[in-house]
2 protein chains.
Amino acid sequence: MEARSKRTYNIPAEATIEVIGGKWKMLILCHLTYGPKRTSELKKAMPGITQKMLTQQLRELEDDGIIIRTVYNQVPPKVVYELSEIGESLSGVLDQLCEWGEAFIQGRLSRGRKEGSIRE
Amino acid sequence: MEARSKRTYNIPAEATIEVIGGKWKMLILCHLTYGPKRTSELKKAMPGITQKMLTQQLRELEDDGIIIRTVYNQVPPKVVYELSEIGESLSGVLDQLCEWGEAFIQGRLSRGRKEGSIRE
DNA sequence: CTGGATCCAGCAAGATACTG
DNA sequence: CAGTATCTTGCTGGATCCAG
């Protein structure tokens, strides 16, 4: 798995991207900022993701020490994911992600793609 | 190309991820925060990227109105990319990205992967 | 010589079914 | 409910070719 060993980065942001740059990781982490969540809860929160991808991305985040995976040995099975201390330190990034998204959606709605853009 | 028309998002961050979530987009944008850059400069700044991917990601960013592409009709050819106004508004996200990356690298160096993680 | 497009191979992501 | 295995699909990467 080679959990991103010490590489050399051209700019620091590359390190961040290596850790949270997976296709679904930022989204997963955003949801986890609202508190610990079970696998099924995450799946519900992200209708587009498949079980495979969810498990895979969660494993990688766990390997990088961003999230903590807790297994309850019981029936039915119960697995809870939550941000680790390092993961919590990402809140700044994740908050910005959310904030900009809101602004972008608002801006798009009000201005409604004014200039050109012919497609469709 | 269907430049991300108004979809419905479960959380605002999804919008951000749709726009800057491409494999190289955040990295490209990070470099552009330091000022306008030519295609060749971006390529040099990102040794891992191919011309094709660079062009493709730049086009998508342009279609989304994040960056501005300026072509100088001259020989040799010269194409310059820079952040648009909307792109500039991403500086908060991009700065956080860089900052966290620095902290992460530092943390890893000082603590040096204390717990487990055998590889290499 | 720079920037970009095309073609094909390889790998990661999507979908579904199955196990504990 | 959580995770694995398998197959299919589509994107990424590399080389090559084209336009200015």
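Remember, it's a predicted structure, so these values are computed and weren't measured experimentally. So that the names make sense, note that chain A is the first sequence line, chain B the second, and so on, each numbered from 1.
Residues A/Tyr9 and B/Ile105 meet the side-chain proximity criterion, which asks for heavy atoms closer than 4.5 Å. Side-chain contact between B/Cys98 and A/Thr16 is absent, with no heavy atoms from C-beta onward closer than 4.5 Å. No side-chain heavy atom of A/Thr70 sits less than 4.5 Å from a side-chain heavy atom of A/Val79. Side-chain contact between B/Met26 and A/Met26 is present, with at least one heavy-atom pair separated by less than 4.5 Å.
Remark: A/Arg38 is in phosphate contact with D/dA2, judged by side-chain N or O atoms under 4.0 Å from OP1 or OP2. A sub-4.0 Å separation between OP1 or OP2 of C/dG3 and a side-chain N or O of B/Arg59 is absent.
Between D/dC1, D/dT4, C/dG3, one nucleotide has an atom nearer to the side chain of B/Ser40 than all others, and that is C/dG3.
In this structure, A/Met46 places its CE atom 15 Å from C1' of C/dA13, rounding to the nearest Å. One interatomic measurement links the two molecules: CG of A/Leu58 to C1' of C/dA13, which rounds to 16 Å at whole-angstrom precision. At whole-Å resolution of the value, CG in A/Leu42 and P in D/dG3 are 10 Å apart. C/dC1 atom P lies 14 Å from atom NZ of B/Lys43, rounded to whole Å. Per the geometry, CG belonging to A/Asn73 stands 13 Å off C1' belonging to D/dC1, to the nearest Å.
Among residues two or more places apart in sequence or in another chain, the side chain to side chain donor-acceptor pair (under 3.5 Å) test is passed with B/Glu14 by B/Asn10.
Within the 4.0 angstrom heavy-atom criterion, no nucleotide atom of any strand lies near B/Tyr72. Using a 4.0 Å heavy-atom distance criterion, B/Val79 is classed as a sugar-phosphate-only contact.
Note on residues 79-99 of chain A: pairs passing side chain to side chain donor-acceptor pair (under 3.5 Å), not counting sequence neighbours, are A/Arg69-A/Tyr81, A/Ser89-B/Trp100. Sorted pairs that involve residues 15-54 of chain B and meet ring-ring contact (aromatic ring centres under 6.0 Å, His included), not counting sequence neighbours, are lacking altogether.
In the helix from C/dC1-D/dG20 to C/dG20-D/dC1, the terminal helix axes, each the rotation mapping four pairs' C1' atoms onto the next four within five end pairs, subtend 30°, rounded to 10°.
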Pairs of donor and acceptor atoms involving the side chains of residues 36-52 of chain A, under 3.5 Å and at least two apart or interchain, shall be tabulated with distances.
unit_1, atom_1, unit_2, atom_2, d
A/Arg38, NH2, A/Pro77, O, 3.2
A/Glu41, OE1, A/Arg38, N, 2.7
A/Thr50, OG1, A/Met53, N, 3.3

Show me the protein contacts with nucleotides 12-19 of chain D, counting only N or O atoms at under 3.5 Å.
unit_1, atom_1, unit_2, atom_2, d
D/dT12, OP2, B/Gln56, NE2, 3.2
D/dG13, OP1, B/Lys23, NZ, 3.2
D/dG13, OP2, B/Trp24, NE1, 3.3
D/dG13, N7, B/Lys52, NZ, 2.4
D/dG13, O6, B/Lys52, NZ, 2.4
D/dG14, O6, B/Lys52, NZ, 3.1

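Of the candidates A/Ile67, A/Leu61, A/Val19, A/Lys25 forms a side-chain contact (heavy atoms from CB on, under 4.5 Å) with just one, namely A/Leu61.
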